[in-house]
Structure formats: structure tokens, C-alpha cells
Amino acid sequence: MEISFWTPFFASLMAACVTTGGIFVIRYFEPWGRRNTTYFACFAAGVLISVSFLHIIPTAFGMSPQAPVYLLAGYLLMHFLNRFLTAYVCDKPETADYAIGLVPLLGIGFHSFIDGVIYSITFTVSFFTGILAAVGMVLHEFPEGIVTYLLMLRGGFSKKRALALAFLAAAVTTPLGTAVSYPVVSQIGPP
């Protein structure tokens, strides 16, 4: 079954809408959101980890003998990037507010762009894999919008600027990632 560009793009737009919904909901229920930020972050991570370990990673291991190496490399890259940011950005008093706001903003923006790439890849593999990935990713988008907005507020941004930055980083970059990656991903054939 040939999947057109519009299937993953629609899934990424749905994710962007859910993220935007999370941002707007938390804007009106901010005190409640601040008290429960940890729960939102844990739920978002748990959904992604569950879908990854139950379907996506086993499928990747079956598709390529290099998949475990790429998985380990991706993990190590993110681990050392986190260590670098913690050691050289977050520990300095003069950049503490930026570390709370801008560093996660860049990370979430990159993460959301990669989400868009994942939509392109998973729907290219199979419709079922794309739907599973989309369900897991859309479920984590609502708390991602909440966490992004709250991190911007903690970083010292005004409510209006926090809303705009959270929307750009967490919502807009997902369909952008799909639009940029689909022409390349759709040309890749089976190994």
C-alpha cells in the first residue's frame, strides 16, 4: 500500500493541534499545571517509551542489523549532550534562567522536528507502524505543550512570549519536520 505525503503530514498536523491545545489549556490553568508538571512529563515519556519498546525498536531490529548500533549511538548522543549542557550551561548563575527556558526550548524544538521525521519514516514502513507511532506521539504531545509553556514561564518569559515560543518549538516544528523529510524518506527503498 502506497502512503502519500498527506497521511504523515495529517498525523503531524494532528500532533501540532494537540500540542497547541495543551499550551492553551495550561495557560488558563497555570497554577494547577505548575503543581503537576512532573506528572505531565512522566506521562509523555512513558507513552513514548512504551510504544518504542513494544513495537518500533523490535521492528527496527528486524529491518536492519545496524539498528542496535544506531539506537545506542542515539542514546549516547543525547546522554552526553545533556551532560554537556548541565556542566557548561546550567551550572552558571548568570545563565540559570536561560538554562531553564531556552535550553529546553531548543531541545523540544529539535525533538518536535524529529517527531515530524518519525511520522515520515513510520508511515513509509507501513500504515500500521505509522498509526502506532502516531497514537503514541499524539498522546505525548498534549503534556509536551504544557511542559514547554511552563518551562518558558520558569525561564522568565512573559505569558505572551512563552505562548508564542512554546507554539513555535513544540507545535510548528512537527509538521515542518514531516514536510522537510518526506521527500527524502519516501525515496528510500527496502534494504
Side-chain angles (χ1 to χ4, degrees), residues 1 3-26 33 36-64 67 70-75 77-79 81-82 104-152 163 165-186 188:
M1 176 174 148
I3 303 293
S4 74
F5 165 76
W6 296 108
T7 304
F9 190 72
F10 175 74
S12 67
L13 281 177
M14 189 169 54
C17 289
V18 171
T19 301
T20 305
I23 293 167
F24 278 105
V25 165
I26 203 59
N36 296 297
T37 302
T38 302
Y39 298 119
F40 292 123
C42 290
F43 175 77
V47 168
L48 287 180
I49 289 169
S50 299
V51 169
S52 295
F53 278 106
L54 294 176
H55 183 70
I56 295 174
I57 291 173
T59 300
F61 283 10
M63 293 177 72
S64 172
Y70 293 135
L71 181 65
L72 178 63
Y75 170 77
L77 174 72
M78 295 311 293
H79 175 75
L81 180 62
N82 181 39
L105 180 75
L106 295 173
I108 289 168
F110 180 71
H111 161 88
S112 294
F113 185 84
I114 296 299
D115 281 354
V117 174
I118 291 170
Y119 285 117
S120 294
I121 292 169
T122 56
F123 276 102
T124 301
V125 169
S126 76
F127 187 74
F128 179 70
T129 301
I131 291 295
L132 279 178
V135 167
M137 290 169 57
V138 166
L139 284 175
H140 100 276
E141 295 298 333
F142 189 81
E144 182 179 292
I146 290 170
V147 169
T148 306
Y149 179 74
L150 292 174
L151 285 170
M152 295 303 97
L163 178 74
L165 289 172
F167 175 72
L168 287 172
V172 172
T173 54
T174 302
L176 180 66
T178 303
V180 168
S181 67
Y182 187 80
V184 175
V185 169
S186 65
I188 300 172

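Along the sequence shown, the residues carry numbers beginning at 1.
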Heavy-atom count around Phe61 CZ within 6.0 Å, excluding the residue itself: above 12?
-> yes
Validation row: Val125, Met63 side chains within 4.5 angstrom (heavy atoms) = yes
Would you indicate whether the side-chain heavy atoms of Leu163 and Phe24 approach each other to under 4.5 Å?
-> yes
Find the distance between [atom1] ([X]) and [atom2] ([Y]) and round it off to the nearest 0.5 Å.
{"X": "Ile114", "Y": "Ile121", "atom1": "CD1", "atom2": "CD1", "answer": "8.0 Å"}
{"X": "Phe142", "Y": "Thr20", "atom1": "CZ", "atom2": "OG1", "answer": "11.0 Å"}
{"X": "Ile23", "Y": "Met152", "atom1": "CD1", "atom2": "CE", "answer": "10.0 Å"}
{"X": "Phe10", "Y": "Cys17", "atom1": "CZ", "atom2": "SG", "answer": "8.5 Å"}
{"X": "Leu105", "Y": "Leu165", "atom1": "CG", "atom2": "CG", "answer": "5.5 Å"}
{"X": "Leu54", "Y": "Leu132", "atom1": "CG", "atom2": "CG", "answer": "9.5 Å"}

Can you name the closest pair of heavy atoms from [X] and [Y] and give their distance?
{"X": "Thr178", "Y": "Gly116", "result": "OG1-O, 2.9 Å"}
{"X": "Gly109", "Y": "Thr173", "result": "O-OG1, 3.5 Å"}
{"X": "Ile56", "Y": "Ala133", "result": "CD1-CB, 4.1 Å"}
{"X": "Val185", "Y": "Ser120", "result": "CG1-O, 3.6 Å"}
{"X": "Ala134", "Y": "Ala11", "result": "CB-CB, 4.2 Å"}
{"X": "Pro183", "Y": "Ser186", "result": "O-OG, 3.4 Å"}

Should Phe123 and Ile131 be marked as a side-chain contact (heavy atoms from CB on, under 4.5 Å) after you check the CA-CA gap, both sets of side-chain angles, and the distance that decides it?
-> CA-CA 7 Å; Phe123 276 102; Ile131 291 295; 4.1 Å; yes
Got a list of side-chain donor-acceptor pairs under 3.5 Å for residues 41-53, not counting sequence neighbours?
from	atom 1	to	atom 2	distance (Å)
Ser50	OG	Gly46	O	2.8
Ser52	OG	Leu48	O	2.8

Working for side-chain contact (heavy atoms from CB on, under 4.5 Å), residues Glu144 and Asp115 | CA-CA 12 Å; Glu144 182 179 292; Asp115 281 354; 4.2 Å; yes
Partners meeting ring pair (Phe, Tyr, Trp, His ring centres under 6.0 Å) with Phe5 (sequence neighbours left out) | Phe9, Tyr182
Excluding sequence neighbours, so at least two apart, what forms ring pair (Phe, Tyr, Trp, His ring centres under 6.0 Å) with Phe113?
-> none
Just checking, is any N or O donor in the side chain of Glu141 or Thr174 under 3.5 Å from an acceptor N or O on the other one?
-> no
